[in-house]
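What follows is a set of notes on a single structure, which appears directly below.
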Amino acid sequence: MATRIDFASLSLMDALDLAILIEDEAKERYEEFAAQMEQHRTPAAATFFRLMAHNEAKHGQELADRRGQLFGGLTPTVTRAMIFDVEAPDYDEARAFMSPRQAMKAALASEIKAHAFFVAALPALKDAEVRALFEELRDEEVQHQTLVKAELAKLPPDSGLSDEDFVDEPAAQ
Amino acid sequence: MSATCEFQAKDYKSDLKPIWCPGCGDYSVVQGIYRAMAAIGRPPHEIAFISGIGCSSRIPGYTTAYGFNTVHGRALPIAQGIKLANPDLLVLAAGGDGDGFSIGGGHIAHLIRRNIDITYIVMDNQIYGLTKGQLSPTSQKGRTTCTSPYGSLENPVNPLLYTLAYGAGFVAQASPTDLVGMAAIIEEAIRYPGFAFVNVQSPCVTYGEEAQQIKGLKAISESLKDLGHDPADRLAAMDLAQHYGSKMHLGVFYKNPEPPATYDAQIRERQIQLSQGALPKERILDLFIKK
């Protein structure tokens, strides 16, 4: 089973399937983060991560609909083993008792990371339709960054104190 | 034996939600295990997942396999008993570096020399996290903790060299810096017919040092495949294993190209041999009657 993406030979169907897998991975990671926050009584960050999971699911569904219209039920040839942490926040971005600001910053970093992935892939693409799709996805990541930045701007300014000034370390389990 | 239906990673995920600290490396380890289990394709009821005590030893509960969160340091003997009692089960054992190399350290050698068909996954975070940050067997020399306020005077155990030196047929290292690679390594370890050891550098987000967090580990990661390492070369594996603590080599260090018979298979064979000459039940006491 191939575990690396051969961008040069990527077909439009493969590209759409990859994009769906990327959204799925991000959705699952945000759900995991939300569950972690709920377990650690951090409801504000959990709510934000649930919102991000919902957004990723929505994008994934839009891509899946498009894929369905173009290629019906053809079996995908790309797998989850070909991607890791493309749009999903890194596992170590989660922290006990993270504030909504920290949660949003983690999401923003993920959108920047996803944008970088599509930018880096573009020079290797040979198929014009795949290139157009990747450019579209790249631009969407910029829009997502703008949305997260707008949400960040609505938050009250930082106190300048770190979480360690307020909270105890997580209780022994 | 195994069913033919296909399983997905989510089929191995239990309803129990992990309570590790957010950011803990073990979140990614459990995902790697789900993926490896799905790739193997054995139904959850054919898998027994045994652990000791510690943060990482909670892991069996987060899977749908049969699980036993046993006592400190005793995952391996219990896993061995389960495998010998029911050799058809796929048996995994897991725990932390403290559980595996301190109180449980004596057991590893015996499972290796017997070559029991078990995959042992150690989530090595170089600290006792559950008990709030004491020195563990793999803590670096000089490490300051609540039990070593002036810095540790002890050299760490090298889990890779340790298991290679005892003669393990499969020794590998993985990390949450590469979840896809970790899942593939765990799958390969499970498929190896014999005792397989996987050391996973899984950072403790609460008591671990900054350099041991995922970003720090990424900076010192090197794929053994990219280095051109031949996993059949045991001496080369031992040479590379010496870098434990300074570099993080990811991949299979050693895989015996000609795996010897497992202990469980030999026992089964002997049982078949002995059963041929065994007395019928009604004459079993004849053995004790002097003629």
Side-chain angles (χ1 to χ4, degrees), chain A residues 1-5 18 21-22 24-46 48-49 75-76 78-86 88-99 102-103 106 109 113 163-164 167-173, chain B residues 8-10 13 15-32 34-36 38-39 53-58 61-62 128-134 146 175-184 187 202-208 210 212-218 225:
Chain A
M1 186 171 66
T3 54
R4 287 189 182 170
I5 306 166
L18 267 183
L21 291 173
I22 288 168
D24 277 354
E25 186 192 39
K27 180 197 108 175
E28 286 173 18
R29 191 70 52 79
Y30 281 122
E31 281 172 348
E32 270 189 73
F33 276 21
Q36 290 176 26
M37 294 303 125
E38 283 156 4
Q39 285 293 98
H40 288 268
R41 299 176 186 84
T42 314
F48 175 72
F49 286 136
T75 309
V78 293
T79 69
R80 185 74 171 263
M82 292 177 175
I83 58 150
F84 176 51
D85 278 3
V86 177
D90 293 1
Y91 269 105
D92 65 345
E93 289 285 345
R95 283 291 182 277
F97 315 116
M98 65 196 305
S99 65
Q102 287 171 315
K113 194 171 59 167
D163 285 353
E164 286 174 9
V167 297
D168 293 332
E169 54 205 11
Q173 296 159 5
Chain B
Q8 295 182 334
K10 64 178 172 59
K13 186 178 177 186
D15 292 334
L16 207 58
K17 286 184 180 168
I19 58 164
W20 294 311
C21 305
C24 174
D26 294 352
Y27 281 104
S28 124
V29 180
V30 74
Q31 294 294 333
Y34 297 147
R35 289 187 189 196
I53 293 293
C55 295
S56 52
S57 287
R58 293 181 166 275
Y62 304 137
Y128 281 98
L130 183 70
T131 48
K132 310 198 94 177
Q134 297 82 16
C146 59
S175 145
T177 57
D178 176 12
L179 176 58
V180 174
M182 174 164 47
E187 180 193 342
S202 180
C204 174
V205 70
T206 305
Y207 301 104
E210 200 52 41
Q212 291 163 342
Q213 302 305 312
I214 290 180
K215 288 178 182 64
L217 292 179
K218 270 183 188 166
K225 241 182 218 168

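In what follows, chains carry the letters A, B, and so on, assigned in the order in which the sequence lines appear, proteins first and then strands, with residues in each chain numbered from 1.
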Electrostatic pair A:Asp90-B:Lys218, nearest N-O below 4.0 angstrom: yes
Sidechain N-carboxylate O distance under 4.0 Å for A:Glu32, B:Lys17: no
Within 6.0 angstrom of B:Lys215 NZ, more than 12 heavy atoms from elsewhere: yes
B:Lys13, NZ atom: more than 12 neighbouring heavy atoms under 6.0 Å: no
A:Arg80 vs B:Arg35 side-chain heavy atoms within contact, under 4.5 Å: yes
Non-hydrogen side-chain atoms of A:Tyr91 and B:Pro176 separated by less than 4.5 Å: no
OG1 on B:Thr177 to CZ on A:Phe84, rounded to 0.5 Å: 7.5 Å
Taking all non-hydrogen atoms of both residues, which atom of [X] and which atom of [Y] are closest, and how far apart?
{"X": "B:Pro22", "Y": "A:Met37", "result": "CB-CE, 3.8 Å"}
{"X": "B:Ile214", "Y": "A:Asp92", "result": "CB-OD2, 3.2 Å"}
{"X": "A:Arg95", "Y": "B:Gly23", "result": "NH1-CA, 4.1 Å"}
{"X": "B:Trp20", "Y": "A:His40", "result": "O-NE2, 3.0 Å"}

Any side-chain donor near an acceptor of the partner, A:Glu28 and B:Gln31, under 3.5 Å: no
Interface moiety of A:Glu38 toward chain B, non-hydrogen atoms closer than 4.5 Å: side chain
